[in-house]
Amino acid sequence: SLSYACFLSLLLKIGQVDEAIPLAMKAIMKGSIDANCGNILIDSLAKRNRLDLSCKIFQRMRRGPCKPNLIAYNILINYLGEARRVIQACNIFHLMKRDGLKPDVTSHLSLINILRKNGKVSLAHEYFKELKLLVGKPSAVAYACLIDSYGRAGKEIQALKIYDEMKENEVHPDVVVYSTLFRILGQARNAIAANRLLGEMRYKKCEPDLQTYNQMIDCFGRNGWIQKAFDIFGEMRRNGTCPDTVTYSILINSLGSKGEALKAFELFKEMVSEGFHPNVITYNSMIKALARANFYEQAFQLYEQMPIHECQPDAITFSILLDMCTDHCDAKRSARLFNDLKAADVTPD
RNA sequence: CCGGGCUUAGUAUGGGAA
């Protein structure tokens, strides 16, 4: 059976899908393909964007002598989710029960995650409750998922409620939970709650990772609490967490939104001199900061020097610069930008 | 009995619209 699967995977690998499928179908009916091999087939077909065939294999196995196992269902749920086929993913979940299998933690998390990404908060919460019945104490991962669902739906209060419930249940928040909450609070402009959260995190002696540091800095920075943002920036380096391009972009944005274009530019130079590579987003942020503070020429200089760091201007770069030209009634530069825009391989939006 | 494999969570930039 294993060699069967290897042979079939090989056919798939070299693109002989049309040869492999009929062989696979016959082998399944003969019972020559066990559950594990079926999983390999289902997975590799889905990876090759042949989800339809994965489903066919799966259905054939359900009727054949060797039934698919729980992992097969989980794989399908996952790929259906990636294809944004939310309803079908839910159907597979229920099919699992009808076929006498018990959805496990992964099945639940996978489905909750799909619903989260597709904005179905209340459904996500339903399945979360089901998960709770299954395991009693959902993991921090599950809580993070649900909190993020509410966050993406703009339901800050509900997200915080879930966080409270999590603490009542004595599930220890991890860095992902904290960083998710910092993002939600940052977007909700709730720096007070964020500060409280920071206190809790320190009290629990939770060591932030790079991404969490970035999220915290962004949270305070975007709400005008620049000092706090830089304090955390300093703390992070003292703790031996090396900032990255994202960290600097965040700080540049924070300063830019406060009109501190010169300080932002100092930081930009500092990051380059320390060997960090600005990317398009860093450049866009810096250009926007200059634009906001009316440093017209400097903004264009920065645009011109983007190739130094192998950065291609994108739709956002052009949009910032064109807006600026409009404000300055600079038709010549507008025209030149339009030429650059056409020459550049930009996906317009 | 032990071990292993496949499936699950969080970061930065513009304008417009609601």
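Residue numbers start from 1 in every chain, and the chains themselves are labelled A, B, ... in the order their sequence lines are given, proteins ahead of strands. Nothing here was measured: the structure is a model prediction, and the numbers come from that model.
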side-chain contact (heavy atoms from CB on, under 4.5 Å) with A:Tyr178: which of A:Gln215, A:Met216, A:Met201? A:Met201
A:Leu41 CG to B:rG5 P: how many Å, rounded? 21 Å
Residues touching RNA chain B, which here means a heavy atom under 4.0 Å, drawn from residues 239-258 of chain A: A:Val246, A:Ser249, A:Ile250, A:Asn253
Is it true that atom CD of A:Glu130 has more than 12 heavy atoms of other residues, nucleotides or ligands lying nearer than 6.0 Å? yes
Could a donor-acceptor pair under 3.5 angstrom be found where the side chain of A:Asn284 meets the base of B:rU13? yes
Please report, rounded to the nearest Å, how far the P atom of B:rA9 is from the OH atom of A:Tyr150. 20 Å
For RNA chain B, what residues of residues 98-131 of chain A have any heavy atom nearer than 4.0 Å? A:Thr106, A:Leu109, A:Asn113, A:Arg116
A:Asn169 side chain to A:Lys132 side chain, donor-acceptor N/O pair below 3.5 angstrom: no
What I'd like to find out is whether the side chain of A:Tyr213 reaches to under 4.5 Å of the side chain of A:Thr247, using heavy atoms alone. no
When the distance from CG of A:Asn78 to C1' of B:rU8 is rounded to whole Å, what number comes out? 7 Å
Atom NZ of A:Lys161 with >12 non-hydrogen neighbours under 6.0 angstrom: no
In whole Å, I'd like the distance from the CZ atom of A:Arg152 to the P atom of B:rU11. 5 Å
Check: A:Leu255 and A:Glu266 side chains under 4.5 Å, non-hydrogen atoms: no
How about A:Asn253 and A:Arg222: does a side-chain donor come under 3.5 Å of a side-chain acceptor? no
Could you check whether A:Asp148 pairs with A:Arg152 (Lys NZ or Arg NE/NH1/NH2 to Asp/Glu carboxylate O, under 4.0 Å)? yes
Could you run through RNA chain B and flag its stems, i.e. three or more consecutive Watson-Crick or G-U pairs with both distances under 3.5 Å? none
Hey, are the side chains of A:Arg183 and A:Asp218 touching, using non-hydrogen atoms and a 4.5 Å cut-off? no
The side chain of A:Val176 is closest to which nucleotide in this list: B:rA9, B:rU7, B:rC6? B:rA9
If you check the A:Ile71 side chain, which of B:rA12, B:rG14, B:rC6 turns out closest? B:rC6
Respond yes when some side-chain nitrogen or oxygen of A:Arg183 is under 4.0 Å from OP1 or OP2 of B:rA12, and no when none is. no
Using a cut-off of 6.0 Å, state whether more than 12 heavy atoms not belonging to A:Lys26 lie near its atom NZ. no
Side chains of A:Asp327 and A:Asn294: do they bring a donor and an acceptor to under 3.5 Å? no
Base, sugar-phosphate, or nothing: which does A:Asn69 touch, judged by heavy atoms less than 4.0 Å apart? nothing
Assess the side chains of A:Asp104 and A:Ser107: does a donor N or O sit below 3.5 Å from an acceptor N or O? yes
Contacts under 3.5 Å, N or O only, protein and nucleotides 1-3 of chain B:
none

Both conditions, 6.0 Å and 45 degrees, for the charged tip of A:Arg336 above the ring of A:Phe300: are they met here? no
Atom CZ of A:Phe265 to atom P of B:rU13: distance rounded to whole Å? 21 Å
All heavy atoms of A:Pro243 vs all of A:Met236, minimum pair found to be CA-CE, 3.5 Å
Could you check whether A:Gln215 gets within reach of a base, just the sugar-phosphate, or nothing at all, counting any heavy atom under 4.0 Å? sugar-phosphate
Residue from A:His125, A:Arg116, A:Lys155 passing side-chain hydrogen bond (donor to acceptor under 3.5 Å, both in side chains) with A:Tyr150: A:His125
Report the residues that fulfil salt bridge (Lys or Arg N to Asp or Glu O under 4.0 Å) with A:Lys167, sequence neighbours left out, ordered by chain and then residue number. A:Asp164, A:Glu200
Going by heavy atoms in the side chains, are A:Leu41 and A:Met61 under 4.5 Å from each other? no
Is it the case that B:rG10 (base atoms only) and A:Asn214 (side chain only) share a donor and an acceptor within less than 3.5 Å, ignoring hydrogens and angles? no
Could you tell me the separation between the CZ atom of A:Phe220 and the C1' atom of B:rU11, rounded to a whole number of Å? 15 Å
Roughly how many Å is it from CZ in A:Phe318 to C1' in B:rG16, rounded to a whole number? 19 Å
Can you tell me which nucleotide in B:rG14, B:rG10, B:rC6 comes closest to the side chain of A:Asp323? B:rG14
Taking side chain as C-beta onward, heavy atoms only, is A:Arg85 less than 4.5 Å from A:Leu51? yes
Go through B:rA9, B:rU13, B:rG5 for me and flag the one nearest to the A:Ile281 side chain. B:rU13
With no angle test and no hydrogens, is the base of B:rG15 tied to the side chain of A:Ser319 by a donor-acceptor pair under 3.5 Å? no
Please confirm whether any donor atom in the side chain of A:Thr180 sits under 3.5 Å from an acceptor in the base of B:rG10, or the reverse. no
From the candidates B:rU7, B:rA12, B:rU11, the one with an atom nearest any side-chain atom of A:Arg222 is B:rA12
Using whole Å, what does the distance between atom P of nucleotide B:rG10 and atom CD of A:Gln187 come to? 13 Å
Specify the residues of residues 285-314 of chain A, ordered by number, for which at least one heavy atom lies under 4.0 angstrom from an atom of RNA chain B. A:Ser285, A:Lys288
